[in-house]
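One structure is given here, and the rest of the page talks about it.
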Amino acid sequence: MKKHAIIPVFIPHKGCPNDCVFCNQKVITARTAHVTEDDVRRTIEQYLSTLSSRNMETIELAFFGGSFTGIPLEEQSSFLQIAREYKDRGIIQKIHMSTRPDYINEEILDNLIKYDADVIELGVQSFHPEVLQASSRGHSQEDIYRACSLIKDYGLELGIQLMIGLPEDTRERCIYSAQEAVRMNPSIARLYPTVVINDTELERMYRRGEYNPLTTEEAVSITKDMYRILDRAGINIIRVGLKSTDLVNENGQIQGHTYHPAFRQLVEGEIAREDLEDQLVRLDADGCIPENGKVTFACAPVSFSNMTGNRAVNKKYFTEKYPALKIRFTTDSSIDTGKYIVLV
């Protein structure tokens with residue numbers, strides 16, 4: 001049973017001075033109304049009414065939106081005061097927010113500490129300077145390093161968000177970003193494939209032939225390699241891929257098919273397939289496969305859908321590639337989540 005929940009409160013940062021190529025700021029600004037303190041309390045209470053019976057160990061109140069720390073300090077404080085009230089009463093356990101690397105400084109962090117904030121997620125997107133410039137991020141690589149260091153120095157929990165397939169991006173640059181993220185030692189991370197949205201500079205670049213979106217296969221393959229780097233470093237990957245509600249306009253996708261409702265399962269399913277096949281090849285090389293061809297693939301119950309793959313693609317893969325084997329897929333509660341074992 002899930003023991004951790006997030007109460008999301010969307011605080012739009014209207015009129016963001018930056019104009020990232022993938023963002024439709026005009027639509028965001030037009031569609032988001034001013035959020036009041038009453039709106040925040042109402043959102044919290046609505047979520048708490050459904051969470052109260054679920055025996056959660058940790059409830060986080062998370063301020064999402066354009067960039068929480070980019071709004072005026074007084075407005076930040078008014079929202080943070082509400083969050084601290086619920087935390088002081090023991091109703092929530094953490095205060096969480098997302099922002100940009102260039103909206104972090106000592107004054108902002110002093111204020112966050114004053115209101116007992118816990119987690120800051122940085123929308124880093126890429127650590128590569130050429131990708132940052134081509135995406136019109138409006139901040140430098142040095143801004144990222146400085147923000148990460150400041151957040152850690154203040155004792156706050158650091159989160160890093162990375163995007164895959166931005167302009168001037170390559171597999172190697174994505175891998176570099178994952179490696180640099182590990183060097184910053186965040187507690188949590190999110191991985192998002194780039195999606196082309198209508199009425200963005202990225203769409204116009206695509207129309208002019210200056211940008212080619214990744215295919216689903218390319219996006220999954222690159223994300224999988226980044227996932228492995230972060231996971232091996234012990235970083236909790238809390239999101240892989242976008243939800244439809246994350247998109248300003250879901251119908252804005254042009255091509256490349258990088259938006260997929262089960263993108264995380266595609267990535268984790270490919271990891272499962274690779275891990276199982278690596279073991280299978282080694283067992284075969286060592287002469288350990290029984291003559292009757294019976295082998296068992298096992299994992300934790302929660303990982304079973306990843307082991308079989310989205311729409312059972314892994315089952316089909318192994319059946320077609322290894323027709324002499326009789327493979328049984330099963331679960332074992334003693335196996336760690338995300339681990340896949342071949343038994344003979």
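All values below come from the heavy atoms of this structure, side chains included, with hydrogens, waters and symmetry mates left out.
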- request: Flag the pair Glu45 and Arg42 as a salt bridge only when some basic side-chain nitrogen lies within less than 4.0 angstrom of an acidic carboxylate oxygen.
  value: no
field: Under-4.0 Å salt bridge between Asp199 and Arg204
entry: yes
message: So if I apply the salt bridge (Lys or Arg N to Asp or Glu O under 4.0 Å) rule between Asp116 and each of Lys87, Lys94, Arg84, which one comes out positive?
response: Lys87
message: I'd like to know whether CZ of Arg41 has more than 12 heavy-atom contacts from other residues, nucleotides or ligands below 6.0 angstrom.
response: yes
- request: Check whether any side-chain N or O of Gln279 sits under 3.5 Å from a backbone N or O of Tyr340 as a donor-acceptor pair, and report yes or no.
  value: yes
- prompt: Within the side chain of Arg328, is there an N or O that forms a donor-acceptor pair under 3.5 Å with the backbone of Lys294?
  reply: no
message: Checking side-chain contact (heavy atoms from CB on, under 4.5 Å) between Pro129 and each of Arg173, Glu168, Glu142, Gln141, which is the one that passes?
response: Gln141
- prompt: How are the rings of Phe297 and Phe329 set relative to one another: parallel (under 30°), tilted (30 to 60°) or perpendicular (over 60°)?
  reply: perpendicular
Salt-bridge contact Arg146-Glu106 (side-chain N to carboxylate O under 4.0 Å): yes
- prompt: Taking the six-membered ring of Tyr192, is the NZ or CZ of Arg239 close enough (under 6.0 Å from the centre) and on axis enough (within 45°)?
  reply: no
message: With a sphere of 6.0 Å drawn around CD of Gln133, does it hold more than 12 non-hydrogen atoms of other residues, nucleotides or ligands?
response: no
query: Do you see a donor-acceptor pair shorter than 3.5 Å between the side chains of Glu121 and Gln161?
result: yes
query: With a 4.0 Å cut-off, would you call Lys224 and Glu268 a salt bridge?
result: no
message: Applying side-chain contact (heavy atoms from CB on, under 4.5 Å) to Ser126 and Met163, what does each step give before you reach the verdict?
response: CA-CA 7 Å; Ser126 175; Met163 292 180 69; over 6 Å; no
query: Could Arg207 and Glu203 be called an ion pair, given the rule that one side-chain N must be under 4.0 Å from one carboxylate O?
result: yes
- request: Flag the pair Arg208 and Glu201 as a salt bridge only when some basic side-chain nitrogen lies within less than 4.0 angstrom of an acidic carboxylate oxygen.
  value: yes
